**Q** 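Okay, handing you the structure first.
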There are 2 protein chains.
Amino acid sequence: MPLDVSTQVKDPERVRLRREQIVQASVRLFTEKGFHKTTTREIAKASGLSNGALYEYVQSKEDVLYLVCRHIHREVRNRLASTLTEPGSAAKRLRHALCRFGELVLSMQDEILLIYQESKSLPRLYLHEVLSEEQQVVAVFEQLLREGLADQSILVEEKDIPVLAENAVVMGQMLAFRRWAWKQKSTESVLNTQVNAFLASVHSTTD
Amino acid sequence: MPLDVSTQVKDPERVRLRREQIVQASVRLFTEKGFHKTTTREIAKASGLSNGALYEYVQSKEDVLYLVCRHIHREVRNRLASTLTEPGSAAKRLRHALCRFGELVLSMQDEILLIYQESKSLPRLYLHEVLSEEQQVVAVFEQLLREGLADQSILVEEKDIPVLAENAVVMGQMLAFRRWAWKQKSTESVLNTQVNAFLASVHSTTD
DNA sequence: TGATAATGAGCGGGCGCTCAGTCGGAGGTG
DNA sequence: CACCTCCGACTGAGCGCCCGCTCATTATCA
């Protein structure tokens, strides 16, 4: 249940359109310079709006950050959900989901990094919402792990599952926020290492 | 080779002392409100100095952030180094180092989080230095993994070691930067899960 | 008494945000 | 059709504030 961001403009379609411009421009600016060093004037200009018009669609600079985070999470969730329709054993599906999640992270490196670095600047309410959206991603892997436990294709203790699911997500996200550390390696080979490491950590039995 | 931060004050002992005050106060402030929302006036006041005096020991606000990061890394490195004197097989020493690193992270949660969230605000030169200090921590685990490979107490491919060492560090740091995700669990039990998960991921043979 | 350290009011500038005013077009009227 | 009215969207100069940093001045010592 995403939070509402209030606006002065009546036409909802126009709001959608303008906010799309705002988000698109802001992702670029925040990625390049960070949230704090980007001015609202820059946001307005890059969105093709005047200073005043920007504030017709948003009540504060933090609103913009929230719109950006929500947009990114929405895309992650949509793309992740589309990978869960595969058949096969839980371990197979887990591997598949890990690979896809990794590719997803790689193709959205800047955006993932952005959320990691800037979400702490969100007001409390917005922050909670963003974190709970993140937990929905974690929940996907929790679910897969539980199914693996059920069909015995992975071997872990039930009580460890929340932590292990978190590991799956973070190990994927590392492809974005630690990319500087292995610049000489190909990204696919790192992804492969990560997937295998995670599967080994849950004693998956299909390698 | 830590970078010099320039000062107007001649007496080195006095510089050391005052900067200790500055770092101590800043760690608290940055932890509570973040780097950007902390003003230099607050830093000066909390350090027991005047606005002007602060700038006798530092040339910019970013200098303060660098001093803070350097201080934290120094403590991490010192405490980690003191855990490496144990005897035994590589796998045993690896497990030991992971546990100690985890405890270290738990006891410095705020500081670790601080580096994660704020180091991106450092000027390029400082940032590189901080990142390379981080790599020294990673190098400790690389070393242990290589020794494990040599005495066959772990089973991985040489080419994966850099990535796996990075995993070890990040899985430890998760205790700090994902603490909100498992608030109901005891920290020791999470630590245990993490250590076991990592050892399994490198097929360690001493469990 | 001279060098060094500390003071704190204040400068310059930039920032988030506002608001009096303009524009344009949908709709009403004769 | 010409004309007028009205209202929602948009403009951009500018307000008020605060922040990083400085420097003329004062205090403190050897």
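All of these numbers come straight from a predicted model, not from anything done at the bench. Chain identifiers are assigned alphabetically (A, B, ...) following the order of the sequence lines, protein sequences preceding nucleic acid strands; residue numbering begins at 1 within each chain.
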**Q** In whole angstrom, give the distance that lies between atom CZ of B:R19 and atom P of C:dA5.
**A**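 Rounding to the nearest Å, CZ of B:R19 and P of C:dA5 are 13 Å apart.
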
**Q** Using the side-chain heavy atoms of A:K10, tell me which of these nucleotides is nearest: C:dA9, D:dG20, D:dA9.
**A**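 Shortest atom-to-atom distance from the side chain points to D:dA9.
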
**Q** When the distance from CD of A:Q21 to C1' of D:dC10 is rounded to whole Å, what number comes out?
**A**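 So the two atoms are 13 Å apart, to the nearest Å.
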
**Q** Roughly how many Å is it from CZ in A:R14 to P in D:dG8, rounded to a whole number?
**A**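 Spelled out: CZ on A:R14 to P on D:dG8 is 13 Å.
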
**Q** In whole angstrom, what separates A:I43's CD1 from C:dG14's P?
**A**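 A:I43 atom CD1 is separated from C:dG14 atom P by 18 Å.
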
**Q** Between B:Q143 and B:R146, do the side chains contain an N or O donor and an N or O acceptor separated by less than 3.5 Å?
**A**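 No, B:R146 and B:Q143 have no side-chain donor paired with an acceptor closer than 3.5 Å.
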
**Q** What integer distance in Å separates A:K45:NZ from D:dA13:C1'?
**A**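 Result: 15 Å.
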
**Q** Should B:E42 and B:K45 count as an ion pair when the cut-off is N to O under 4.0 Å?
**A**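 So B:E42 does not pair with B:K45 through a salt bridge.
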
**Q** Which is more 5' along DNA chain C, the nucleotide nearest B:Q8 or the one nearest A:E62? Just name the residue.
**A**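 Here B:Q8 is the residue nearer the 5' end.
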
**Q** Can you see whether B:S107 engages B:R79 through a side-chain donor-acceptor pair at a distance of less than 3.5 angstrom?
**A**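 Yes.
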
**Q** Examine D:dA9: is either OP1 or OP2 under 4.0 Å from a nitrogen or oxygen in the side chain of A:R18? Give yes or no.
**A**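 The answer is no; no side-chain N or O of A:R18 sits under 4.0 Å from OP1 or OP2.
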
**Q** Please report, rounded to the nearest Å, how far the P atom of D:dG20 is from the CG atom of B:D63.
**A**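 B:D63 atom CG is separated from D:dG20 atom P by 13 Å.
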
**Q** Within the structure, does a side-chain N or O atom of B:R41 lie under 4.0 Å from either OP1 or OP2 of D:dC18?
**A**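 No, no such contact exists.
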
**Q** Round to the nearest Å and state the distance from B:N51 atom CG to D:dT22 atom P.
**A**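 Distance, rounded to whole Å: 12 Å.
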
**Q** Is the phosphate of C:dC19, meaning OP1 or OP2, less than 4.0 Å from a side-chain N or O of A:Y55?
**A**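 For A:Y55, the contact criterion (side-chain N or O under 4.0 Å from OP1 or OP2 of C:dC19) is not met.
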
**Q** Considering all heavy atoms of both residues, which atom of B:I115 and which atom of B:C69 are nearest to each other, and what is their separation?
**A**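 In terms of heavy atoms, the two residues are closest at CD1-O, 4.0 Å.
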
**Q** Using atom CG of B:L49 as one end and atom C1' of C:dG8 as the other, report the distance to the nearest whole Å.
**A**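 Answer to the nearest Å: 13 Å.
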
**Q** From the set D:dA9, D:dT11, C:dG16, return the single nucleotide nearest to any side-chain atom of A:A53.
**A**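 Nearest to the side-chain atoms of A:A53, counting from C-beta on, is D:dT11.
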
**Q** So which pairs with a foot in residues 119-129 of chain A pass salt bridge (Lys or Arg N to Asp or Glu O under 4.0 Å), sequence neighbours left out?
**A**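 Checked against salt bridge (Lys or Arg N to Asp or Glu O under 4.0 Å) - neighbours excluded - the pairs reaching residues 119-129 of chain A are A:K120-B:E118.
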
**Q** Under 3.5 Å, is there a donor on one side chain and an acceptor on the other for B:Y126 and B:D63?
**A**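 Short answer, yes.
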
**Q** Answer yes when A:D110 and A:R179 have at least one side-chain N-carboxylate O distance shorter than 4.0 Å, and no when they do not.
**A**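 Yes, this pair counts.
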
**Q** Taking the side chain of B:S50 as heavy atoms from C-beta outward, which of C:dA5, C:dG8, C:dC17 is closest to it?
**A**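 Nearest to the side chain of B:S50 among the choices is C:dG8.
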
**Q** Using a heavy-atom distance cut-off of less than 4.0 Å, which residues of residues 31-39 of chain B contact DNA chain D?
**A**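 Within this stretch, B:T38, B:T39 sit under 4.0 Å of the strand.
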
